[in-house]
Amino acid sequence: MSEAITLIQQVFESLERHYGYYQWWPCDDHYEIMLGAILVQNTNWRNAEQALLNLGKPLDPKLIASLSLEELAQAIRSSGYYNQKAKRLKALTEWFAGFEYRIDALRAMEQAELRKQLLAINGIGGETADVILVYAVGKPSFVIDAYARRIFERVGLDVPKSYEAFRGLVEQAITPDTQRYAHYHGLMVDHGQQFCNPTPKCDACPLNRLCALGRTNTCK
DNA sequence: ATCCAGGCTGAGG
DNA sequence: CCTCAGCATGGA
């Protein structure tokens with residue numbers, strides 16, 4: 001068992017002990033989660049959520065398909081990058097139409113193949129694909145994000161540069177389990193927002209002990 | 001006013 | 001393979 005694997009496990013165990021379990025993604029509609037994954041790209045959830053609300057509830061993929069690019073862009077204005085995101089929502093929805101908007105059809109696919117197809121959609125990169133896999137489809141693919149990078153760098157892990165390498169390492173440390181992966185990504189974000197912003201707040205950080213325990217405490 | 005948030009793409013080294 | 005400008009709003 002390598003040092004890195006052990007450290008990763010210790011971090012998640014600490015966070016889990018400190019914060020406990022809770023449902024993190026704030027909705028359970030599969031399609032809405034998919035759109036939310038795109039709308040929240042490099043944007044805070046408040047702004048993304050307002051965009052979702054503007055698209056109406058219940059969210060209907062056929063409605064999105066019927067809107068013009070301009071109409072869609074205006075509706076999601078609050079999420080930022082609205083011109084790009086409008087195209088991305090369209091691309092994702094067109095792809096989903098190929099499955100008759102049935103989430104079951106996605107669940108029936110092999111995970112690696114589904115992930116590959118998601119990555120082929122314009123506007124869906126590693127993190128967005130994994131969010132869709134875990135929260136919308138229910139496949140155990142670990143979501144890596146900016147907070148995961150910061151948190152692990154600050155406890156002294158030699159974080160792999162590429163998204164795929166980092167994800168591979170974490171998945172090696174944490175046995176694949178959809179509920180657990182969903183929970184752990186939420187912990188990364190929520191903990192990160194409190195303590196691991198660009199300017200860290202190390203006082204009262206539940207990972208203090210690990211940082212001190214870890215070789216290089218780079219939390220500055 | 002400046003900084004940043006639950007990234008991705010395409011162009012260029 | 002890698003880096004990086006560009007994309008844009010709203011809240012602190």
Side-chain angles (χ1 to χ4, degrees), chain A residues 11-12 15 19 22-55 69-95 115-137 140-154 158-168 170 178-201 220:
Chain A
V11 166
F12 284 117
L15 294 178
Y19 296 100
Y22 54 98
Q23 164 91 35
W24 180 68
W25 197 279
C27 91
D28 53 1
D29 178 80
H30 312 300
Y31 180 62
E32 187 176 330
I33 293 170
M34 293 192 241
L35 297 200
I38 287 174
L39 291 169
V40 78
Q41 287 170 357
N42 202 41
T43 302
N44 59 55
W45 179 251
R46 286 185 59 80
N47 290 3
E49 189 175 40
Q50 184 55 56
L52 277 178
L53 288 173
N54 292 342
L55 295 175
L69 214 49
E70 293 72 24
E71 290 171 323
L72 185 54
Q74 282 313 306
I76 64 170
R77 196 170 179 281
S78 69
S79 72
Y81 306 137
Y82 51 83
N83 288 314
Q84 291 195 80
K85 285 177 178 175
K87 290 179 192 166
R88 293 173 182 185
L89 297 185
K90 282 280 193 183
L92 172 63
T93 303
E94 280 167 27
W95 170 81
R115 190 169 193 277
K116 192 174 155 191
Q117 288 198 25
L118 286 168
L119 289 175
I121 298 168
N122 183 281
I124 296 188
E127 181 176 345
T128 306
D130 291 328
V131 165
I132 291 173
L133 283 167
V134 174
Y135 296 99
V137 184
S141 202
F142 203 97
V143 181
I144 299 298
D145 71 331
Y147 285 123
R149 279 225 143 63
R150 268 182 221 156
I151 290 167
F152 280 107
E153 276 170 9
R154 287 175 188 176
D158 184 20
V159 177
K161 291 188 176 180
S162 85
Y163 183 93
E164 292 304 322
F166 192 8
R167 181 173 69 91
V170 175
T178 301
Q179 291 303 317
R180 177 164 301 241
Y181 279 14
H183 179 208
Y184 282 7
H185 171 60
L187 288 177
M188 290 278 102
V189 176
D190 288 344
H191 172 74
Q193 288 180 346
Q194 277 190 68
F195 299 102
C196 295
N197 283 326
T199 50
K201 302 180 181 69
K220 290 175 183 172

> Please give, in whole Å, the distance from B:dC8 P to A:Asp130 CG?
Replying inline: 9 Å

>> Using whole Å, what does the distance between atom P of nucleotide C:dT9 and atom CG of A:Leu39 come to?
In response: 15 Å

> Where do A:Ala75 and A:Leu55 come nearest, in terms of heavy atoms and distance?
Replying inline: CB-CD2, 3.9 Å

> Stepwise, does the salt bridge (charged side-chain N to carboxylate O under 4.0 Å, His left out) test hold for A:Glu164 with A:Arg167?
Replying inline: CA-CA 5 Å; A:Glu164 292 304 322; A:Arg167 181 173 69 91; 2.8 Å; yes

> Which nucleotide in the list C:dT3, C:dG10, B:dC8 gets nearest to the side chain of A:Thr128?
Replying inline: B:dC8

> With nearest nucleotides of DNA chain C determined for A:Asn42 and A:Arg46 from heavy-atom distances, which residue corresponds to the more 5′ nucleotide?
Replying inline: A:Asn42

> Separation of A:Gln194 atom CD from B:dA5 atom P, in whole Å?
Replying inline: 15 Å

> In whole angstroms, how far is the P atom of C:dT9 from the CD atom of A:Gln84?
Replying inline: 12 Å

> If you look at every heavy atom in A:Ala91 and A:Ile121, which pair is closest and at what distance?
Replying inline: CB-CG2, 3.8 Å

> When you measure from the side chain of A:Gln41, which nucleotide among B:dG7, C:dG10, B:dA5 comes out closest?
Replying inline: B:dG7

> Rounded to whole angstrom units, what separation is found between the CG atom of A:Asn122 and the P atom of B:dG7?
Replying inline: 17 Å

> In whole angstrom, what separates A:Asp145's CG from B:dC8's P?
Replying inline: 10 Å

> Any idea how A:Tyr184 and A:Phe12 line up, ring-wise: parallel (<30°), tilted (30 to 60°), or perpendicular (>60°)?
Replying inline: parallel

>> For the P atoms, the ones on B:dG10 and on C:dA8, what distance do you get once it is rounded to whole angstrom?
In response: 14 Å

> Counting side-chain heavy atoms from C-beta on, which of C:dG10, B:dG7, B:dA5 comes nearest to A:Ala146?
Replying inline: B:dG7

> Strictly by modelled atom types, are A:Gln194 and A:Asp190 linked by a side-chain donor-acceptor pair under 3.5 Å?
Replying inline: no

> Rounded to whole angstroms, how far apart are OH on A:Tyr82 and C1' on C:dA8?
Replying inline: 7 Å

>> Looking only at the side chain of A:Asn197 (C-beta and beyond, no hydrogens), which of the listed nucleotides B:dA5, C:dG10, C:dA8 gets closest?
In response: B:dA5

>> Tell me the interatomic distance from A:Lys85, atom NZ, to B:dG7, atom P, rounded to whole angstroms.
In response: 9 Å

